[in-house]
Amino acid sequence: MNDNIIDDRLTIGLDNRAIQFGDGLFETIIANKTSIPLLKLHYDRLRHGIKSLSLNLDLSLADFESKIMEVIEANGTQEFNRAKVLVWRGSESQQGYYSGSEKADILISSRPCNKPTIRIIEKAAFSKNVKLAYHSYSALKTISALPYTMAAIERKNSKLDELILTDGNGYISECVSSNIFWVKDNQLYTSNLKSGCVAGVMRQHLMNMITAKGIILNEVMAQKEELLAADFIFTTNVAEIGIIEAIDNNSYLTNNPLFEDIKQLLEL
């Protein structure tokens, strides 16, 4: 935590704002034995979030990388490692929701994980209980993640492999822990950030890669009917790419020429 390596027992004060108010951010990062492939994108998103939440954390890109790798090495470096970075506001001069502090604390943890892969999502459906909303902070990866927690519970209770979330007006937003893309008539689409979705690191990486190759990505506000009419649907996060095989009673192809091009770009 901060500049100290600790074991799995962490003492946190009762006034900790991460616990009290979810006042902070997090990053989930996949690292291999020697490097962090999407390091710069994670760092840029975290720095943007820190600035947006009026926090102050003196952390260079080089320091960010070295701290993560130090924790991974302390836990015994594996072939693939999942690091989690938590940043939250200090509790000095705390008065309810208000904190007079811009100082940020940081906690980095790690554990072994599987190699990022592609999986088939056999059964998906639209959430009946969770609706997202666009606001100034909705694209940030905040630790106040109650909608996604409840969506994960709904997915489990509904015996589904994935749950698709919409905003209050029915526009497609994202899935429980991933962004969503679809192909229709050889055109690639994804949800606009104004749908309330998180600005995912893999989403941004994919956008950067396909733009460099001249592939057009349409960021849209789309209703359920538009997604259901797609030829091919897939999801992205740093741990996996998911190919959706069915939404309710609608079936979809599990391969697509445009997706094959994307796989090559992502080296999957």
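For this chain, numbers begin at 1 and follow the sequence in order. Just so you know, these numbers come straight off a predicted model, no measurement behind them.
- Residues I215 and L258 have side chains in contact (heavy-atom distance under 4.5 Å, counting atoms from C-beta outward).
- Here the straight-line distance linking atom CD1 of I30 with atom CZ of F80 works out to 9.0 Å at 0.5 Å rounding.
- In the displayed structure, N157 atom CG is contacted under 6.0 Å by more than 12 heavy atoms of other residues, nucleotides or ligands.
- By the 4.5 Å heavy-atom criterion applied to side chains, E162 and S178 are counted as neighbours.
- With hydrogens and angles disregarded, no donor-acceptor distance shorter than 3.5 Å links the side chain of N16 to the backbone of I12.
- Side-chain contact between T28 and R82: present, with at least one pair of heavy atoms (C-beta onward) separated by less than 4.5 Å.
- Using a 4.5 Å heavy-atom cutoff, the side chains of L59 and F64 are in contact.
- Between K263 and E260 there is a salt bridge, with a side-chain nitrogen of the basic residue lying less than 4.0 Å from a carboxylate oxygen of the acidic one.
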**OP:** Apply the test side chain to side chain contact (heavy atoms under 4.5 Å, CB included) to residues H205 and V238: give CA-CA distance (whole Å), side-chain angles for both, the deciding distance (0.1 Å), then the verdict.
**Re:** CA-CA 10 Å; H205 179 54; V238 295; over 6 Å; no
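- In summary, the side chains of T166 and K224 do not present any donor paired with an acceptor at a separation below 3.5 Å, with no hydrogens or angles considered.
- Listed by chain and number, the residues in a ring pair (Phe, Tyr, Trp, His ring centres under 6.0 Å) with Y98 amount to none (sequence neighbours excluded).
- Other members of the cluster containing I164 are I121, F126, I172, I180, W182, Y189, V220, L227, L228, I233, I244, I247, Y252, with ILVMFWY side chains joined at under 4.5 Å, either directly or via other members.
- Residues L266 and Q264 have side chains not in contact (no heavy-atom distance under 4.5 Å, counting atoms from C-beta outward).
- No hydrogens or angles considered: a donor-acceptor pair under 3.5 Å links the side chains of S60 and D63.
- By the 4.0 Å N-to-carboxylate-O rule, D15 lies too far from R17 to be salt-bridged with it.
- Remark: N129 CG to S158 OG distance equals 7.5 Å, nearest 0.5 Å.
- When hydrophobic residues (I, L, V, M, F, W, Y) are linked wherever their side-chain heavy atoms come within less than 4.5 Å, the members clustered with I153 are V130, L132, L146, Y148, M150, L160, L163, L165, V176, V198.
- Among all heavy-atom pairs drawn from A133 and S138, the shortest one is O-CB, 3.5 Å.
- Residues L188 and L253 do not share a hydrophobic cluster, defined by chaining ILVMFWY side chains whose heavy atoms lie under 4.5 Å apart.
- Summarising the geometry of Q223 relative to N169, their closest heavy-atom pair is NE2-O, 3.1 Å, with the distance given to 0.1 Å.
- T211 contributes no side-chain N or O that, together with a main-chain N or O of N208, makes up a donor-acceptor pair within less than 3.5 Å.
- Atom NZ of K194 has 12 or fewer heavy atoms from other residues, nucleotides or ligands within 6.0 Å.
- When every heavy atom of L25 is checked against every heavy atom of G49, the shortest pair comes out as CD1-C, 3.3 Å.
- Between F234 and F181, the ring-plane angle classifies as parallel under the 30° and 60° cut-offs.
- T236 and N179 share no donor-acceptor pair across their side chains, judged by distance under 3.5 Å alone.
- Between the CD1 atom in I243 and the CD1 atom in I241 there is a gap of 9.0 Å [rounded to 0.5 Å].
- Residues D44 and K40 are paired through a salt bridge, judged by an N-O separation under 4.0 Å between the basic side chain and the carboxylate.
- For F26, the ring pair (Phe, Tyr, Trp, His ring centres under 6.0 Å) test picks out no residue, with sequence neighbours left out.
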Original post:
Does the pair N192 and Y134 meet the rule for a side chain to side chain contact (heavy atoms under 4.5 Å, CB included), with working shown?
Top reply: CA-CA 10 Å; N192 192 292; Y134 171 73; over 6 Å; no
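- Side chain of S52 to main chain of H48: a donor-acceptor pair is present (N/O by atom type, distance under 3.5 Å, no hydrogens or angles).
- Electrostatic pairing of E27 and K141 does not count as a salt bridge here, judged by no charged N lying under 4.0 Å from a carboxylate O.
- Heavy atoms only, all atoms of each residue included: R47 and L57 are closest at NH1-O, 2.6 Å.
- Taking 4.5 Å as the limit, every side-chain heavy atom of L55 sits out of range of all side-chain heavy atoms of E102.
- A donor-acceptor pair under 3.5 Å is absent between the side-chain atoms of S35 and the main chain of P37, judged by distance alone.
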**OP:** Test N81 against N32 for side chain to side chain contact (heavy atoms under 4.5 Å, CB included), laying out the working first.
**Re:** CA-CA 6 Å; N81 309 272; N32 56 41; 5.8 Å; no
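- Of the possible donor and acceptor atoms, none in the side chain of D185 sits under 3.5 Å from a partner among the backbone N and O of Q187.
- Hydrophobic cluster membership differs between F21 and I19, with clusters built from Ile, Leu, Val, Met, Phe, Trp and Tyr side chains linked at under 4.5 angstrom.
- With hydrogens and angles ignored, the 3.5 Å screen pairs no side-chain donor or acceptor of K103 with any backbone N or O of N56.
- Nearest approach of A125 to D248, heavy atoms of both residues: CB-OD1, 3.3 Å.
- One finds the CD1 atom of I50 at 12.0 Å from the CZ atom of R45 (value rounded to the nearest 0.5 Å).
- The environment of CG in N114 is sparse: at most 12 heavy-atom neighbours from other residues, nucleotides or ligands sit within 6.0 Å.
- Listed by first and then second residue, the salt bridge (Lys or Arg N to Asp or Glu O under 4.0 Å) pairs that reach into residues 111-124 are R119-E240, sequence neighbours excluded.
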**OP:** Evaluate side chain to side chain contact (heavy atoms under 4.5 Å, CB included) for Q204 paired with M209, printing each intermediate quantity in order.
**Re:** CA-CA 9 Å; Q204 187 60 55; M209 296 292 286; over 6 Å; no
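- Shortest non-hydrogen contact noted between G90 and S99 is O-OG, 3.1 Å.
- Hydrophobic side-chain contacts under 4.5 Å tie M221 into a cluster, directly or through other members, with Y171.
- Using modelled atom types and a 3.5 Å distance limit, the side chains of E154 and S127 yield a donor-acceptor pair.
- In this structure, I29 CD1 and I68 CD1 are separated by 3.5 Å, a value rounded to the nearest 0.5 Å.
- How far OG1 of T254 is from CZ of F259: 10.0 Å, rounded to the nearest 0.5 Å.
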